[in-house]
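The structure appears right after this line, and notes come after that.
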Amino acid sequence: MRSPERRLEYFWMSIVLLVTLVTAAVSVPVSAVLDSALVLSLPAVLFLLGTVYTHLLYRSWSFEVRDNHVYLERGVITKVTTMVPYVRIQNVDTQKGPLERIFGISRVVVFTAGSRGSDVSIKGLFPEDAAEIQEKLRDFAVESDDRDAV
Amino acid sequence: MKLSKKGIFFRALGKAGGFLAITLFSGTSVPGPVIFGVLVTAAFLLAVLWEYIVWRRYDYYLEDRKLRITKGVLRRQEREIPLSRIQNIDLRTNVVQRIVGVTEVGIETAGAGETEGNLKYLEKEDAENLRSHIEGPDTDKEKQQESGQDIREYDYVMSRKNLVLHSLISVDSSTLFLAGTAATAAGWGVQNVLDGIALSSGLAGLLAFLLLGAAVSFNFLRNIEKYYGFRLWQTGDRLKYERGLLNRKEGTIPLEKAQDVCISENLLKRMIGVATLEIDTAGYAGQQQAKLGSEAAIPLDTRENILDYASNMEGFQVPEIQEVSPQAARRYFLRYEFLSVIGAPAVLIATSLAAAAVFLILGTAVSAAAAYVKYRSKGYGYDEKVFAARNGFWSQKTTIAPYFRIQNIVESRSILQRYLGTGSLELDIAGLGAFSRNPRAVDVDGEALRPLREEVYSRFTDSSSPSI
């Protein structure tokens, strides 16, 4: 089993930080208008919960590219385990958003014909690892092209 | 090849009817009968002229491996549909069209959301030719016409009793719409008529009763019209069906494209001991659900017969359904009880302590009963070929999917499930998002969950050998 790179946690933390900042920016004038200090604690609580959640979420993520399927585990409140057989892979993308690019990580998204297919993405990979996994999965998918069962 | 010339009349009628409806409902003052007549005639003649041009510019060609359609007056369009991609061909006629001998043909592929080819209208023979060109000749039908006897072997013919029963207990989607409209209109009409007269509660009750009666009767008649003479048979790897009294429809369900089979039995059906069989194909299923309500392979039969049909058509037995972990009952109790615990203080503030106590006690009793019933309604089962899962109390559905249809396998355990030592296993099969019905075994015992997942996966690996 492999864990995502540590940078994934930092990437998520940066999102928490951004949300906290925005909330703080809104709650300062709101607390002035309502004359209540309670509103000011909102960003602090958000930051605390976000940090704990992000850490747990990062720890919950693990994946493995096995002999004939991709195995993926994640989730804090609901733990979800997914198995995607190679024979079912329709196409494989690598994606990175603007923030992910800053942190130098990338994700591999696996598409199947299933109704929840696009759920399956392997996050927190170095771009070269992502490219390697994408290539590997694509090769498997091409090999078993004639059996898409739709 | 050309569409039927007679079709021009039906198409023009549809167009003129639409125009008429718009003028009538647009709120303009109603003109005198003479002007109105002239208007209608003019609209109809214009429509005929237009539809004639459309007819002139519409051609279809039966080619070796594809169907080609060129059409359009102002904007020309050429469409090619590869025959191998065609999933369904539906033939539709209403009573007048049947007398005149024209048929509407709808051609569906798995791709887009709409019907890809809609030919309005073809001569009866041309429609049959088109269908046999796509599906191969219907030898049964030819023999039938020679001998003048019905020699086809039907897999299911809806009996009169089943037709009446089905029409009584299933709600047609158009009824709901119509009932809503009628209720609004009636309310408005009553308001106008009885303006100033106080409406006694008895009269109001009577009116409501009459309206309900009208809705139920309409629903009944509509279902009878729709399902009259329903029969289903198998040719090769296709299921075909015919139904309808005035509007007759012949449709196809391609078995090789079937993703799953669903036995659905709501509380009423379970009490009588009957069920409905639905077959989902990729792409088409979701669309049908959305547009027409679920199109049943077998609208209604006794439970045993439905199980038989399911195994005959798909070549598997419906596996025995086993109960889920009793912890499920606890989980649902906690979930429902949460509401009464939250609600009780609200009742206390609004009314009195006694009321709050009664609310809490009643709420707890209802939660316990609902949780138990919900737990009992869930189940799953599997054998060497298929996996089945049953869910739902009011509308119970047992979804059965062969292992080789699996796209991916998803196991999930919520906080409460982890605390109670259970988990859920979902077999994700191909379909359109919310409309697909994945077999989902909820609250399997935690100890059994992982072995079950491994077993399902290894059965999938074994089954997806190149022979399929």
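Note on naming: letters A, B, ... go to the chains in the order of the sequence lines (proteins, then strands), and numbering restarts at 1 for each one. The figures that follow rest on heavy atoms only: side chains count, while hydrogens, waters and symmetry mates do not.
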Taking side-chain contact (heavy atoms from CB on, under 4.5 Å) as the criterion, tell me which of B:D428, B:V456, B:I409 meets it with A:M83. B:I409
Rounded to the nearest 0.5 Å, how far apart are OG1 of A:T78 and CZ of B:R418? 7.0 Å
I'd like to know whether [atom1] of [X] has more than 12 heavy-atom contacts from other residues, nucleotides or ligands below 6.0 angstrom.
| X | atom1 | value |
| --- | --- | --- |
| A:E132 | CD | no |
| B:Q317 | CD | no |
| A:Q95 | CD | yes |
| B:R330 | CZ | no |
| A:K79 | NZ | yes |

Could you pull out the closest heavy-atom pair between B:Q407 and A:T112, with the gap in Å? OE1-CB, 3.9 Å
Side chain proximity check, [X] to [Y], heavy atoms < 4.5 angstrom:
| X | Y | value |
| --- | --- | --- |
| A:I77 | B:S414 | no |
| B:V410 | A:V80 | yes |
| B:F460 | A:V87 | yes |

For chain B, find its close neighbours in residues 51-71 of chain A: heavy-atom separation under 4.5 Å, sorted by number, or none.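 Near chain B, by residue number: A:N68, A:H69, A:Y71.
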Any residue of residues 23-41 of chain A which, by heavy atoms, sits under 4.5 Å from chain B: none
When you look at B:R453 and A:T81, which way does the side-chain contact (heavy atoms from CB on, under 4.5 Å) test go after all the steps? CA-CA 10 Å; B:R453 192 186 75 209; A:T81 308; 3.4 Å; yes
Mark yes or no for whether A:R88, through its side chain, and B:I406, through its backbone, hold a donor-acceptor pair below 3.5 Å.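 At least one qualifying donor-acceptor pair exists.
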